[in-house]
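Report on the following structure.
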Amino acid sequence: MSAEAPYFCGVSVFSSIMVENNEVKTLALLGATGSIGTQALEVVRQQPGRFRVAVLSAQRQWELLAQQAREFRPAVVVIGDDSFYQPLKAALADQPETEVLAGAAALAEVVTRPEIDIVLTALMGYAGLLPTVAAIRAGKDIALANKETLVVAGELITGLVQQHNVRLLPVDSEHSAIFQCLVGEAQNPIEKIILTASGGPFRGRSAQQMEAVTKAQALKHPNWDMGAKITIDSASLMNKGLEVIEAKWLFGLTNEQIDVVVHPQSIVHSLVQFEDGSLKAQLGLPDMKLPIQYALGYPQRLANTFPRFSFLDYPTLTFEAPDRVAFPNLELAFGAMRRGGNAPCVLNAANEVAVAAFLRDQVGFRQMSDLVSECLARVSYLAEPLLADLVATDAETRRVAATLL
C-alpha cells in the first residue's frame, strides 16, 4: 500500500469516518448455523436495535435454521441442500412472514435484494464464491468470513469491489487485526505484515511423528472452537496458507510482504511493520465475536460484555518460526500464490477434497498434502482465468482429486 492508495478492502482507512450512532444495518447471514454464523447471531443479540436480520441460510442444518428463523424473524431463509426444503418449509408453516427457499441460485438471488445493507459470508469453502460475487455486483458491503472466496478469485473479487464501490470487511481474526492496525495509516506504506498462527495441536512434532496423527487428535484445537473443516486446516497449517493468499488480495501486497510466525497463545492476532521499522499489533482473547462485531459495526467500535484480556493471565507470549517440513501445506500455499492464475483455486479445491477424505478416514493426515501437491501438478494451469474458468478449474480439480483417493 502506498501513499497514493488510501483505500484497501474497498474501505477508506482515514479515521475521520463518522456514522450516525442510531444507524440500523440490515444483515444477510450466509452460513448461519456454522461456528461463525452462530457467533454472529450472538453479536446481534448483544446489540439490540443496531442490526436487523433479513436473510439466514444454511446448507443442511434445517432444524437449527428453523430455530434461528423463529427468533430473528428474517424475511427469507435459504437451505442450500434442497432435499431439506420440505421439512424446513413445514417447520416454518406458522411463520408466513418468512419466505423459504432452497438451492444455490436462490442464495445468489436473495443477497441482491434492495433492503440488505451488508452480507456476512460465513459459508464453508468454495461455496461462498458465487453468492459473494452476486452481492458485490448488487452493491452490497461484504463482511468476509469465507477466505476461500479470495483464495480462489482474489483478483476478480478485488476488481469487482472497486468497480461497484463496496466495502470488503475482513472477519478472520488475523485479517481483522491487520485491518485495525491500518486504520489511520493511509499515508504510511506497509513494509510487511506478519500473520500469527497458533501452530495447532501438533506444534513441535516432526514430519515422521505426523504420520501417526489421528482424526480425533486433529479435531482438538488448543485455542479456538471451530467447525471440523477449518479445525483440520488449522492442524495442517493449510488454514494459514489460505490466509496468506487472502491477505495478499485484501491489502494489496506483494508475495514478499507476507510472513507467518507461530504464536501458541493466540493473543497477538497479527502485526503490521511499516517502512520505519515500527510494528503495530492487535491483541485480544481468542474470541471470534470480536472481529465479527468489528466488521459488522465498522467504523464504530461497539460496546459489549465479552470477556476482557489481561496480561496478568498471560505473563508469557512466545513466537517461533513455522516448521515447513512437518507442515508442507504452508509452502504449498505460498507456491500457489507465487504461481498465481488458477493455482490457488486448484489448491483450495484439492484441499477441500483431501480434508473431506481425511474426515471419512480415507486418507491419512500427511496424505492430504500429497493429494494437494499432486493436483497442483496435474490440473491445467491458466495464467489469467475468468470466473467461468475458475468454476471449471474447481470442477476439474475435484475430478482429479477423486481419482487419487
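Worth knowing before you read on, the calculation uses all heavy atoms, side chains too, and leaves out hydrogens, waters and symmetry mates. All values derive from a computational prediction rather than experimental measurement.
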For Glu384 and Asp389 the tightest heavy-atom approach is O-OD2, 4.4 Å

Side chains of Gln39 and Ser35, donor plus acceptor under 3.5 Å
yes

What do you reckon, are the aromatic ring centroids of Phe327 and Phe202 less than 6.0 Å apart?
no

d(Ile178 CD1, Leu250 CG) to nearest 0.5 Å is 10.0 Å

Can you see whether Gln180 engages Ser176 through a side-chain donor-acceptor pair at a distance of less than 3.5 angstrom?
yes

Which side-chain hydrogen bond (donor to acceptor under 3.5 Å, both in side chains) pairs, counting each pair once, include a residue from residues 364-376, with sequence neighbours left out?
Asn329-Ser369, Glu374-Arg378

Is the cationic atom of Arg339 (NZ for Lys, CZ for Arg) positioned less than 6.0 Å from the six-membered ring centroid of Tyr381 and within 45 degrees of its normal?
yes

Please name the pair of heavy atoms, one in Pro170 and one in Cys9, separated by the smallest distance, quoted to 0.1 Å.
CD-SG, 4.4 Å

On a heavy-atom basis, which atom in Gly200 and which in Ser198 lie closest, and how many Å separate them?
N-OG, 3.0 Å

Rounded to the nearest 0.5 Å, what separation is found between the CG atom of Leu56 and the OG1 atom of Thr33?
9.5 Å

Do you see a donor-acceptor pair shorter than 3.5 Å between the side chains of Glu396 and Thr393?
no

Any side-chain to backbone donor/acceptor pair from Lys280 onto Val272? Under 3.5 Å, distance only.
no

Angle between ring planes, Phe251 versus His175, binned at 30° and 60°: parallel, tilted or perpendicular?
parallel

Any donor-acceptor pair under 3.5 Å from Gln217 side chain to Thr214 backbone:
yes

Is it true that a side-chain atom of Gln257 and a backbone atom of Ile193 form a donor plus acceptor pair closer than 3.5 Å?
no

Testing the 3.5 Å rule here: is there a donor-acceptor pair between the side chains of Thr318 and Gln265?
yes

Would you find a donor on one side and an acceptor on the other, under 3.5 Å apart, between the side chain of Ser57 and the backbone of Gly31?
yes

Aromatic rings His263 and Phe319: how do their planes relate, parallel, tilted or perpendicular, breaks at 30° and 60°?
parallel

Are any side-chain N or O atoms of Gln293 and backbone N or O atoms of Leu302, one a donor and one an acceptor, separated by less than 3.5 Å?
yes

Taking atom types as modelled, is there a side-chain donor on Asp394 or Thr397 under 3.5 Å from an acceptor on the other?
no

Taken to the nearest 0.5 Å, the spacing of Lys147 NZ from Leu150 CG works out to 10.5 Å

Give a yes or no on whether the backbone of Ala32 and the side-chain of Gln68 come within a donor-acceptor separation of less than 3.5 Å.
yes

Does the structure place the NZ or CZ of Lys289 under 6.0 Å from the centre of the six-membered ring of Phe306, at an angle of no more than 45° from the ring's axis?
yes

By the definition side-chain contact (heavy atoms from CB on, under 4.5 Å), identify the one residue from Ile136, Ile142, Asp141, Leu156 that meets it with Val161.
Ile136

Considering only heavy atoms from C-beta outward, does the side chain of Phe311 approach that of Leu317 to under 4.5 Å?
yes

Asn255 CG to Met337 CE distance, which is reported to the nearest 0.5 Å
4.0 Å

Is the backbone of Ser206 close enough, under 3.5 Å, to the side chain of Gln209 for a donor and an acceptor to pair up by distance?
yes

Rounding to 0.5 Å, atoms OG1 (Thr38) and CG (Leu29) come to a distance of 9.0 Å

Separation of Glu155 CD from Leu386 CG (nearest 0.5 Å):
10.5 Å

Kindly indicate, with the supporting measurements, whether the criterion salt bridge (Lys or Arg N to Asp or Glu O under 4.0 Å) is fulfilled by Glu148 and Lys229.
CA-CA 12 Å; Glu148 292 86 353; Lys229 198 271 183 179; 3.6 Å; yes

Provide the closest heavy-atom pair for Asp81 versus Arg60 in the form atom of the first, atom of the second, distance.
OD2-NE, 3.7 Å

Would you list the atom pairs, donor with acceptor, under 3.5 Å between side chains in residues 117-126 and any protein atom, with sequence neighbours excluded?
| residue | atom | partner | partner atom | Å |
| --- | --- | --- | --- | --- |
| Asp117 | OD2 | Thr26 | N | 2.7 |

Between Asp233 and Asn351, does any side-chain donor sit less than 3.5 Å from a side-chain acceptor?
yes

Is a donor on one side and an acceptor on the other found under 3.5 Å between the side chain of Asp276 and the backbone of Ser278?
yes

Would you check if the side chain of Thr132 reaches a backbone N or O of Gly128 as a donor-acceptor pair within less than 3.5 Å?
yes

Check: Arg50 main-chain N/O paired with Glu23 side-chain donor or acceptor under 3.5 Å
no

